[in-house]
Amino acid sequence: VILRESGELSAIILLVVSLAGIFAYSLSTLGVIDPVTNAIVNSGLGEYGVLSLLILMLIVGTSGALLMLAGVLRWGSFIKFIPRPVSAGFVNGIALLVAYSQMGAALGLAGKSSPLAQTQPGAIAVCLITVLTCIYAPRLRLPIPPVFAGLAAGVGLHLLIERLFGTGVGPLLGSLPSFWGMPEWVAADLPASIGTLPWGQMLAAAVLLSVMAAVQTLMSGAALDAISHSRHDSNRELIAFGLGNIASSLLGGVASSANLGRAMANFRGGASSRRAAFLNGLIMLFILIVISPWISFIPLAVMAGILIHSSIVMIDQWSVQQFRRWFQGHERGEVLENVVVVSVMTLGMLWMNPVIAVGVGVILTMGLFLKRFSRSFVRSSYTCESKRSLKIRSAALEARLETEGQRIHVIVLEGAVFFGTADRLRSRVESHHHKAAFVILDCRRVRDWDATGVQIIGQMHRALGLQGCQLLLSHISGRKRVEQALRAYGLYETLPAEHLFPDTDRALEYAEDLLLANSASDDEALAWHHTQLNNTLLLAGLSQADQGVLSNYFETLSIKAKEALFRMGDSGDQLFVLLEGEISLGLPIDGQAAIRRLATITPGVVFGEMALLDAQPRSAHAIADQPSVLKALSRSNFEKLRGEQPSLFAKMMQNIAHEMSLRLRVTNQQLRALEG
């Protein structure tokens with residue numbers, strides 16, 4: 001039976017299967033198989049023995065068909081979801097199983113039931129020499145593969161011990177099983193036995209067999225990819241092994257899957273293409289048919305040494321590096337998780353079914369991933385004291401926010417809002433932010449949501465509402481995919497639409513406006529929306545007479561909503577003081593009428609002074625958000641004021657410098673908050 005390690009073209013596989021079938025039929029026709037089959041039928045098993053073999057053949061063939069079906073449906077692609085620690089543990093488990101299975105032969109025991117008292121020192125010596133020769137042969141640069149060097153050294157030592165001491169070093173390999181081919185008596189009994197076969201149990205066994213073969217094949221391919229820096233076609237692997245198992249069942253063979261030990265030995269021997277696996281199968285067939293009598297004289301201790309060497313080189317080096325880093329104390333948190341998964345997976349391969357071990361490893365990895373994912377959910381948090389919106393207010397309002405801004409809390413989230421993080425977030429908000437008037441969840445870095453997370457967000461909104469606190473979410477509106485997901489999960493039914501914002505700046509502005517409005521008297525609130533030039537910081541500290549004189553140099557402007565006061569590149573020949581309305585400063589967006597906001601001017605704020613002072617063009621657009629009234633000081637009046645009223649001009653410039661310093665102070669606070 002040709003066992004394949006990598007996917008080949010279907011035409012080559014079908015050709016090999018056809019040739020094997022023709023060869024088996026020829027042996028049967030020549031009468032080679034008849035004596036064997038007659039011996040089985042007459043061995044006392046009777047019809048039950050025939051029925052058992054028939055059931056075995058059907059199970060193996062059905063499992064092969066299921067493997068092919070899995071490959072055609074491209075289920076092999078799921079192997080990419082197997083975590084690296086799981087595949088490393090799988091490889092290490094296979095390596096330990098291979099080494100453990102050879103312990104009896106390495107000790108010179110005749111069988112598994114042989115007592116340890118029958119251990120033969122010669123067998124141990126032969127096994128060690130074989131292993132050491134395989135390990136150190138590459139350093140000697142011998143013209144033969146290391147495995148052949150180890151084989152020669154082991155057999156040579158065996159012959160020397162036998163010559164010197166007149167005794168062997170344990171059992172020999174012995175004759176290999178005969179090549180039977182397809183039992184004709186099974187095919188003859190098939191029609192009569194179909195109705196009596198336990199098809200339900202057979203199908204269950206075939207499914208289990210195919211699952212185990214698929215897991216072993218795909219994991220072996222992934223492990224080989226890790227050391228060869230290549231990429232196999234997992235679906236073609238399943239189809240190929242499915243065809244191989246179908247051919248094996250027709251020839252009276254057992255089910256097979258990828259053998260990681262043989263594949264890695266093939267790779268270590270210099271294999272570089274898929275043809276190596278095909279040639280490996282042909283060579284195995286040649287050995288089985290032609291030179292098997294010579295192989296029977298090889299001691300089992302030598303074969304044990306070769307397989308133990310293979311298990312040593314099979315150990316996953318990435319996992320070895322992880323253990324080394326853990327012992328050295330580097331990155332203990334992440335490395336420890338990898339060490340735990342590799343260890344559990346390796347021990348699971350020794351004590352459990354490989355399919356169950358892989359399942360346990362994947363579940364453990366997922367649990368550790370969720371733990372790590374939820375641990376870094378909150379990126380940072382701050383209050384409005386340190387970082388405010390882009391809305392520029394008068395000095396009085398900025399001073400009010402310095403004291404009241406601590407009631408606006410912003411929590412920057414990162415990762416996913418799901419069942420593993422949302423409840424922790426709610427506990428944090430209820431314990432650390434319960435005294436806030438507004439809690440803003442910055443969702444810019446949130447990559448995904450689930451129904452449980454959204455439900456807990458809704459519960460948190462209701463709980464905060466009972467405490468007089470509003471929950472706001474930023475970076476939500478305007479993101480189509482996020483809005484669709486949240487609407488499907490029912491967030492819009494619990495959280496008002498006005499509590500969802502396109503960015504954190506708009507959410508801060510909303511919270512600041514409400515906070516100022518709720519903490520101000522009616523007269524103060526009216527003054528914050530409508531002010532006079534005399535009440536602005538520009539004319540602060542001046543007598544009424546001086547204020548009247550200075551106001552004569554200003555002219556009044558009125559603009560409509562969405563109207564541009566100036567655009568980027570216009571000449572900067574005016575200074576403005578907003579008395580009513582709001583004006584946003586921003587940069588143009590290619591192909592769009594909207595602007596990217598840099599700041600929003602509110603009543604009582606001076607702006608445009610930089611362009612007036614340095615005579616440079618405007619660096620941004622100024623668009624009215626609502627009908628606005630302004631006072632403007634033109635360049636000609638600015639120069640006229642300098643010449644006619646130098647003392648008033650000096651006081652006005654001092655007030656301008658004062659207002660600019662206040663803005664710079666706020667900017668520094670925000671930069672420190674961002675840096676922190």
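For reference, positions follow the sequence shown, starting with 1. We use all heavy atoms of the structure for the numbers below, so side chains are in, but hydrogens, waters and symmetry mates are not.
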More than 12 heavy atoms of other residues, nucleotides or ligands under 6.0 Å from [atom1] of [X]: yes or no?
| X | atom1 | value |
| --- | --- | --- |
| Arg618 | CZ | yes |
| Phe323 | CZ | yes |
| Glu493 | CD | no |
| Gln406 | CD | yes |

At their closest point, which heavy atom of [X] faces which heavy atom of [Y], and how far apart are they?
| X | Y | value |
| --- | --- | --- |
| Thr346 | Gly93 | CG2-N, 3.9 Å |
| Leu500 | Leu495 | CD2-CD2, 3.5 Å |
| Val577 | Leu538 | CG2-CD2, 3.6 Å |
| Ile392 | Ala599 | CD1-CB, 3.7 Å |
| Val605 | Ile601 | CB-CG2, 3.7 Å |
| Ala70 | Asn235 | O-OD1, 4.3 Å |

Kindly assign one of parallel, tilted or perpendicular to the pair His499 and His461, based on the angle between their ring planes and the thresholds 30° and 60°. perpendicular
So, Ser628 side chain and Gln626 main chain: donor-acceptor pair closer than 3.5 Å or not?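 At least one qualifying donor-acceptor pair exists.
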Is there a donor-acceptor contact under 3.5 Å from the side chain of Glu563 to the main chain of Ala624? no
When you compare the side chains of Ser584 and Asp625, does any donor N or O come within less than 3.5 Å of an acceptor on the partner?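 A donor-acceptor contact under 3.5 Å links the two side chains.
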Thr600 and Glu582: side-chain donor and acceptor closer than 3.5 Å?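 Side-chain D/A pair, Thr600 to Glu582: absent.
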Does Asp503 form a side chain to side chain donor-acceptor pair (under 3.5 Å) with Ser474? I'd like the steps, not just the answer. CA-CA 5 Å; Asp503 53 52; Ser474 66; over 6 Å; no
Using a 6.0 Å distance limit plus a 45 degree cone around the ring axis, check whether Arg506 lies over the aromatic ring of Phe501.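 No, Arg506 does not lie over the aromatic ring of Phe501.
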